[in-house]
Amino acid sequence: MDHRAMAEHAVEMGAFKAAVIGLESFTFDPAFREMCKANLCGNYGLCWTCPPDVGDISQLIAEAKTYNWGLVYQTVSKLEDSYDFEGMMEAGRLHNKLAQEIADWAAGQDFSRWLQLGAGGCHICETCAKRTNEPCRHPKLALRSLETYGVDVSKLAEASGMKYINGQDTVTYFGALLF
């Protein structure tokens with residue numbers, strides 16, 4: 001499947017926009033790990049796919065850079081207003097559902113290997129096994145975020161020809177399938 005067809009397929013699956021870009025267009029910055037420590041999402045140290053448990057940032061960046069291409073996609077959801085936290089959470093859930101559908105699709109392709117990166121922490125399980133001191137229940141499905149790998153998402157949006165902010169009372173999430 002050519003790159004344009006891949007992006008079109010992501011849109012058919014529910015992405016607002018999608019594009020395939022070379023990994024040289026991705027901007028990585030270890031400082032995003034420091035932002036994770038602020039724990040604004042509440043997952044720091046409580047989710048197997050989030051820092052610090054996901055691994056050393058320099059190793060994750062090096063791993064990501066071993067891929068040649070990224071299918072970058074975004075979802076945009078309307079909110080009641082800028083304080084619509086429930087709407088943001090629902091939009092994130094729908095985005096991660098799309099990320100899982102793209103991962104399922106990728107598993108059926110002839111990629112020698114691939115890595116799916118989503119938005120925010122993994123939400124496969126209602127409660128991450130990390131919180132109950134158990135190993136990950138679904139290591140093959142677990143979703144890591146772009147930020148966990150040090151990706152500068154605002155620069156990724158620009159490199160992909162997409163807007164990082166899509167208007168008042170909307171929330172935009174990004175994901176990428178590296179291959």
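All residue numbers in this chain count up from 1 along the given sequence.
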Original post:
Among all residues two or more places apart in sequence or in another chain, which pass the ring pair (Phe, Tyr, Trp, His ring centres under 6.0 Å) test with His138?
Top reply: none
Original post:
Quick check: are there more than 12 heavy atoms from other residues, nucleotides or ligands sitting under 6.0 Å from CG of Leu141?
Top reply: yes
Subject >> side chain to side chain donor-acceptor pair (under 3.5 Å) evaluation trace for Ser82 with Asp84 >> reply: CA-CA 6 Å; Ser82 60; Asp84 182 7; over 6 Å; no
Original post:
Any side-chain heavy-atom pair from Ile165 and Thr172 closer than 4.5 angstrom?
Top reply: no
Subject >> Side-chain donor-acceptor pair present, Asp29, Thr27, cut-off under 3.5 Å >> reply: no
Original post:
Does one hydrophobic cluster hold both Phe174 and Leu60, with members joined at side-chain heavy-atom distances below 4.5 Å?
Top reply: yes
**OP:** For Thr148 and Arg33, test the side chains for any donor-to-acceptor distance below 3.5 angstrom and give the result as yes or no.
**Re:** no
Original post:
Is there side-chain contact between Leu146 and Phe32, with heavy atoms separated by less than 4.5 Å?
Top reply: no
Original post:
Would a 4.5 Å heavy-atom cut-off, applied to side chains only, mark Gln168 and Leu79 as touching?
Top reply: no
Original post:
Of the options Arg93, Met88, Glu86, which is the one that meets Glu90 in a side chain to side chain contact (heavy atoms under 4.5 Å, CB included)?
Top reply: Arg93
Original post:
Are any side-chain N or O atoms of Trp105 and backbone N or O atoms of His9, one a donor and one an acceptor, separated by less than 3.5 Å?
Top reply: no
Original post:
Any side-chain heavy-atom pair from Arg113 and Leu178 closer than 4.5 angstrom?
Top reply: no
**OP:** Treat each ILVMFWY residue as a node, draw an edge where side-chain heavy atoms are under 4.5 Å apart, and state whether Leu143 and Met13 are in one component.
**Re:** no
Original post:
Does the Asn39 side chain pair with the main chain of Cys36, one donor and one acceptor, at a distance under 3.5 Å?
Top reply: no
Original post:
Checking Arg144 against Tyr149: charged group under 6.0 Å from the ring centre and within 45 degrees of the axis?
Top reply: no
Original post:
Between His95 and Tyr73, what is the ring plane arrangement, given parallel below 30°, perpendicular above 60°, and tilted in between?
Top reply: parallel
Original post:
Does Thr49 reach the main-chain N or O of Ala142 with its side chain, forming a donor-acceptor pair under 3.5 Å?
Top reply: no
**OP:** State, with a plain yes or no, whether a side-chain heavy atom of Asn43 is found less than 4.5 Å away from one of Arg131.
**Re:** yes
**OP:** Check side chain to side chain contact (heavy atoms under 4.5 Å, CB included) between Asp2 and all other residues, then give those that pass, not counting sequence neighbours.
**Re:** Arg4, Ala5
Original post:
When clusters are formed from ILVMFWY side-chain contacts under 4.5 Å, directly or step by step, what else is grouped with Val76?
Top reply: Phe16
Subject >> Contact check, side chains of Leu46 and Tyr44, non-hydrogen atoms, under 4.5 Å >> reply: no
Original post:
Got a salt bridge between Lys155 and Glu158, using NZ or NE/NH1/NH2 to carboxylate O under 4.0 Å?
Top reply: no
**OP:** Side-chain contact test, heavy atoms from C-beta onward, threshold under 4.5 Å: evaluate it for Trp48 versus Cys122 and give yes or no.
**Re:** no
**OP:** For the pair Glu80 (side chain) and Gly87 (backbone), establish whether a donor and an acceptor sit closer than 3.5 Å, ignoring hydrogens and angles.
**Re:** no
Original post:
With a 3.5 Å cut-off and no angle check, do the side chains of Gln74 and Tyr164 form a donor-acceptor pair?
Top reply: no
Original post:
Are Tyr83 and Val171 connected in a single hydrophobic cluster, I mean Ile/Leu/Val/Met/Phe/Trp/Tyr linked by side-chain heavy atoms less than 4.5 Å apart?
Top reply: no
Subject >> Verdict with reasoning, Tyr67 to Phe179, per ring-ring contact (aromatic ring centres under 6.0 Å, His included) >> reply: CA-CA 5 Å; Tyr67 294 90; Phe179 62 99; 8.6 Å; no
Original post:
Under 6.0 Å from the NZ atom of Lys65, do we count more than 12 heavy atoms belonging to anything else shown?
Top reply: no
Original post:
Any chain of hydrophobic side-chain contacts (each under 4.5 Å) joining Val151 to Val72?
Top reply: yes
Subject >> Linked, directly or transitively: Leu117 and Phe26 (ILVMFWY side chains, under 4.5 Å) >> reply: yes
